[in-house]
Every structure is written in structure tokens, then in C-alpha cells.
Amino acid sequence: VESSNKPVVVITGVTGFLGSQVLNEFLNGEGLGSKNQATVRDKTNLAKLKPLQDFFGEKLSEVEFFNADLNDAQSLENAIKGSDFVIHTASPVGLSNPRNHDDMIKPAVNGVTFAI
């Protein structure tokens, strides 16, 4: 726990529907006074973050973002290092059927396995 005694909570996959709704709960008082951190694939991708900025406005400045990729265990480890809690909502989603089911299943399983 950091010096302010606020628990550090990492929410993975906040650009997705579920992750954004969890973040919404934390930013609107349900987070028990926690320090909120979030993972995205690329925190420099402003087009991907724009919907979050539009929805949360100034409240988004209360969130620290980390890059994380479900296929890269080190990126997940870096994102959750020092956290007290992880709420893992990240999962690969495609607009079309994958050529190989492992393209979706493997990253989802690896991300959950690593998070626990």
C-alpha cells in the first residue's frame, strides 16, 4: 500500500465495456478511496482512449494508465506491480471469427492465469 494508505487497484482492459463500467464504479465513489490504475494495450493511442476521455472527462486524470498485453506476461507484471488488488476484465475481442480459436482463447486464459 502506498504512503497515502489508499489501496492500489488495477483494472485491466478499461477500453472494453466491462472494464469501463468497473472503472466508472471506482471513479464514482464505489472504489473505497482507492488509487486507480488501469491497463490498455497502448496508452499513447489517443483514438482508443478518446471514448474514455469523453465519458469520464476530468475524472480520468485520477487514473494512472499502464500498457499491458495479454500475450506478454512481463507487461502484465509491470502493470500490476505494487498493487493491492487486480480486477481483471481484459479479454481479446475480434470483429470477425479468428482463423484459429487459440488466437482468442490462449490470450484470455494466459491473462487470467497470470492475474491470479
Side-chain angles (χ1 to χ4, degrees):
V1 179
E2 70 179 74
S3 61
S4 70
N5 292 326
K6 287 184 175 185
V8 176
V9 176
V10 176
I11 305 165
T12 67
V14 297
T15 57
F17 177 76
L18 183 58
S20 66
Q21 295 307 302
V22 171
L23 181 60
N24 186 46
E25 291 297 314
F26 274 78
L27 290 177
N28 287 307
E30 301 302 322
L32 306 174
S34 61
K35 178 178 185 255
N36 301 308
Q37 296 179 179
T39 70
V40 294
R41 287 187 196 140
D42 180 4
K43 66 182 183 178
T44 64
N45 184 341
L46 300 181
K48 191 74 172 174
L49 296 177
K50 185 172 181 352
L52 292 175
Q53 185 63 54
D54 291 347
F55 183 74
F56 292 113
E58 285 298 313
K59 285 191 172 201
L60 199 61
S61 66
E62 300 172 21
V63 180
E64 184 177 2
F65 286 93
F66 290 86
N67 289 335
D69 182 331
L70 294 176
N71 290 312
D72 180 357
Q74 186 63 52
S75 72
L76 288 167
E77 186 174 318
N78 292 342
I80 68 173
K81 184 178 181 178
S83 65
D84 296 297
F85 303 98
V86 176
I87 301 174
H88 181 59
T89 69
S91 188
V93 176
L95 297 177
S96 62
N97 289 331
R99 284 187 235 147
N100 180 337
H101 76 280
D102 280 342
D103 293 342
M104 301 286 276
I105 303 299
K106 188 175 178 183
V109 171
N110 288 344
V112 169
T113 303
F114 182 79
I116 56 172

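Along the sequence shown, the residues carry numbers beginning at 1. Computation of the quantities below employed the complete heavy-atom set of this structure, encompassing side-chain atoms and omitting hydrogens, waters and symmetry-equivalent molecules.
Rounded to the nearest 0.5 angstrom, N24 CG and L52 CG are separated by 10.5 Å. Note: I11 CD1 to S20 OG = 10.0 Å, rounded to the nearest 0.5 Å. Within the model, atoms CG of L23 and NZ of K59 stand 10.0 Å from one another, a figure rounded to the nearest 0.5 Å.
Residues A79 and A68 approach most closely at CB-CB, 4.3 Å, considering heavy atoms. In terms of heavy atoms, E64 sits closest to K35 at OE1-NZ, 2.9 Å. Taking every heavy atom of both residues into account, G19 and T89 meet most closely at CA-OG1, 3.2 Å. Between D84 and K6, the shortest heavy-atom distance links the atoms OD2-O, 4.2 Å. Closest approach of F65 and V14 over heavy atoms only: CE2-CG2, 3.9 Å. Heavy-atom minimum distance, L27 versus F56: CD1-CD2, 3.6 Å.
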Item to check | Stepwise side chain to side chain contact (heavy atoms under 4.5 Å, CB included) check, F26 with V63 | outcome: CA-CA 10 Å; F26 274 78; V63 180; over 6 Å; no
Next on the checklist: For a side chain to side chain contact (heavy atoms under 4.5 Å, CB included) check, start with the C-alpha distance between V40 and L49, then their side-chain angles and the critical distance, and finish with the verdict.
Outcome noted: CA-CA 9 Å; V40 294; L49 296 177; 3.9 Å; yes
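Every residue meeting the side chain to side chain contact (heavy atoms under 4.5 Å, CB included) condition with F85, not counting sequence neighbours, appears here in chain and number order: P7, V9.
In terms of modelled atom types and a separation under 3.5 Å, the side chain of S75 and the main chain of D69 share a donor-acceptor contact. Between the T39 side chain and the N67 main chain, no donor and acceptor come within less than 3.5 Å of each other.
By the rule that hydrophobic residues join a cluster once side-chain heavy atoms approach within less than 4.5 Å of another member, L18 and F66 end up as members of separate clusters.
Contact check for H88 versus L70: side-chain heavy atoms found under the 4.5 Å cut-off.
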